Protein chains: 2
Amino acid sequence: MSNLFTLSSKLAAQLDQELMGPKVGFTLQQLMELAGFSVAQAVQKEYAIDDLNKNKKVLVIAGPGNNGGDGLVCARHLKLFGYNPVVYYPKRSSRTEFYGQLVKQLDFFNIPILEESDDWLQYLKPEQTICIIDAIFGFSFKSPMREPFGKIVDEVSKIDNTIPVVAVDVPSGWDVDEGPTSETYITPSLLVSLTVPKPCSKHIDTAKTSHYVGGRFIPNHFAEKYGFKTFKYQSTEQVMKL
Amino acid sequence: MSNLFTLSSKLAAQLDQELMGPKVGFTLQQLMELAGFSVAQAVQKEYAIDDLNKNKKVLVIAGPGNNGGDGLVCARHLKLFGYNPVVYYPKRSSRTEFYGQLVKQLDFFNIPILEESDDWLQYLKPEQTICIIDAIFGFSFKSPMREPFGKIVDEVSKIDNTIPVVAVDVPSGWDVDEGPTSETYITPSLLVSLTVPKPCSKHIDTAKTSHYVGGRFIPNHFAEKYGFKTFKYQSTEQVMKL
């Protein structure tokens, strides 16, 4: 347990709402673009492409909500960085037209998108895959996990980090405030907290898990309102190692 | 005149329309966020903050269209990078609600936004200002320049690059295809071409002007359709020096 400042699931939801509310005026499209980009940048820092892995895949598992949307954006930026992402998106969001557009963008980049019935397990092999992006559930997750996600998390946990797993904001299966309390959950090799770490991130094993913060889009006065200071990102970096 | 590949104003408009059309599915909000970010990154590379200039301003002059929108996004990222941007936005766009939201975001970051009648000339002094961002007109510009922009461009050109001027995509007053043919125009110290250089960029004096490309958001097959190859951006960089 570290001394890291964390923001509860309740306050994180409030902060998010305020950012996209009438006073601040951010749109989901803007924030998701920056969040997804920041996760892709963290992946590049921890799992760079080299001659040995350049033909391998990155498996992006996208959940049904905004965490999944961050994953879809991340996949596109990874492709631009030279990776070969494959997206597993079993329950497509129909929340807004924008989710359909994110999928179209992936098609445009010739990024394969697997349906629920497709064979995604073939990518759970270290000789196939550089890393797995867990963009299944984020700060609004409440247990129990709906299927097929319980089964998916179970399959990923069974490979026991023989392929590194990158969790977007909250490792799936973890309670946002309490950490890994459920039966099945992801143990990330890399956690990218968005805007500010959530309480569950105090439960990562810092000897085994790298922890970054990303989503560089708030001014300090706004952070202070929620009890923290903005992170000291270097130069134009969109992530910072904690 | 260099051997640089360039895309005509007509084809640039077509490419842009296609990117945001029903097949590709990008939204203006996404592309503008990435474009504005890339310009801010180029500014940081050429005019980094140091102890001597950290209290100076960056004057962002935003035009009435999408080039102006790129400038508004750029200003916000510059603030996040530690700069003190001041935005001069004499003719606010009422095209879509999103432009109003971009202005709100600047308010949220406490970035001053000058109206047409405000004293923007006070920032045309080297002891006050690190650089000027010319986000007035882009690839859809057709002469003659409407006022107040003719007068603004004239004032900026008169300071004769005693403050470096950063042109977003097309230096204002330049014909997109022909270059500096009008009576009054910007001579940039830094040109950031978006997606691909426009023909006018062949007329920059490469001894005096740095040239970058930014807006890293298309796959190679799409570039090839328009006759070029995507640029070899390094790592997660959003700009590349040409």
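Predicted model, so just to flag it, every value in this text is computed and none were measured. Naming convention: chains lettered A, B, ... in sequence-line order (proteins, then strands); numbering from 1 in each chain.
- Counting heavy atoms from C-beta on, the side chains of B:Lys79 and A:Pro219 never come closer than 4.5 Å.
- Residue contact with chain B, scored on non-hydrogen atoms closer than 4.5 Å, is absent for A:Ile49.
- Once rounded to the nearest 0.5 Å, the distance linking CZ of A:Phe26 with CG of B:Leu102 reads 9.5 Å.
- A donor-acceptor contact closer than 3.5 angstrom links the side chains of A:Gln41 and B:Thr236.
- Per-residue heavy-atom pair counts under 4.5 Å with chain B were compared for A:Arg76, A:Gln234, A:His77, and the maximum is reached by A:Arg76.
- A side chain to side chain contact (heavy atoms under 4.5 Å, CB included) with A:Glu33 holds for exactly one of B:Thr27, B:Leu31, B:Leu34; it is B:Leu34.
- Neither the backbone nor the side chain of A:Asp107 comes within contact range of chain B; no heavy atom of the residue lies under 4.5 Å from a heavy atom of that chain.
- Heavy atoms of A:Leu106 lying under 4.5 Å from chain B are absent altogether.
- Residues A:Gln105 and B:Gln30 are in side-chain contact: their nearest non-hydrogen atoms beyond the backbone lie under 4.5 Å apart.
- With a 4.5 angstrom heavy-atom cutoff, B:Tyr233 does not touch chain A via any of its atoms.
- For the options B:Asn110, B:Val24, B:Leu19, heavy-atom pairs under 4.5 Å to chain A are most numerous at B:Val24.
- Ranked by heavy-atom pairs under 4.5 Å with chain A, the list B:Pro22, B:Gly100, B:Ala48 is led by B:Pro22.
- The two atoms that bring A:Gln101 and B:Gly25 nearest to each other are NE2-O, 3.1 Å, heavy atoms only.
- Contact of the A:Arg216 side chain with the B:Phe81 side chain is registered, since non-hydrogen atoms from C-beta on lie closer than 4.5 Å.
- Heavy-atom pairs under 4.5 Å with chain B peak, among A:Thr230, A:Ile218, A:Asn220, at A:Ile218.
- Residue A:Lys45: no heavy atom, backbone or side chain, is found under 4.5 Å from chain B.
- Here the CZ atom belonging to A:Phe217 is positioned 9.5 Å from the CZ atom belonging to B:Phe109, to the nearest 0.5 angstrom.
- Side-chain rings of A:Phe108 and B:His221 approach one another, their centers coming within less than 6.0 Å.
- With a 4.5 angstrom heavy-atom cutoff, A:Leu78 does not touch chain B via any of its atoms.
- Annotation: B:Glu127, atom CD; neighbour count of heavy atoms from other residues, nucleotides and ligands within 6.0 Å is above 12.
- At a 4.5 Å heavy-atom cutoff, the contact between A:Gln238 and chain B is made by side-chain atoms alone.
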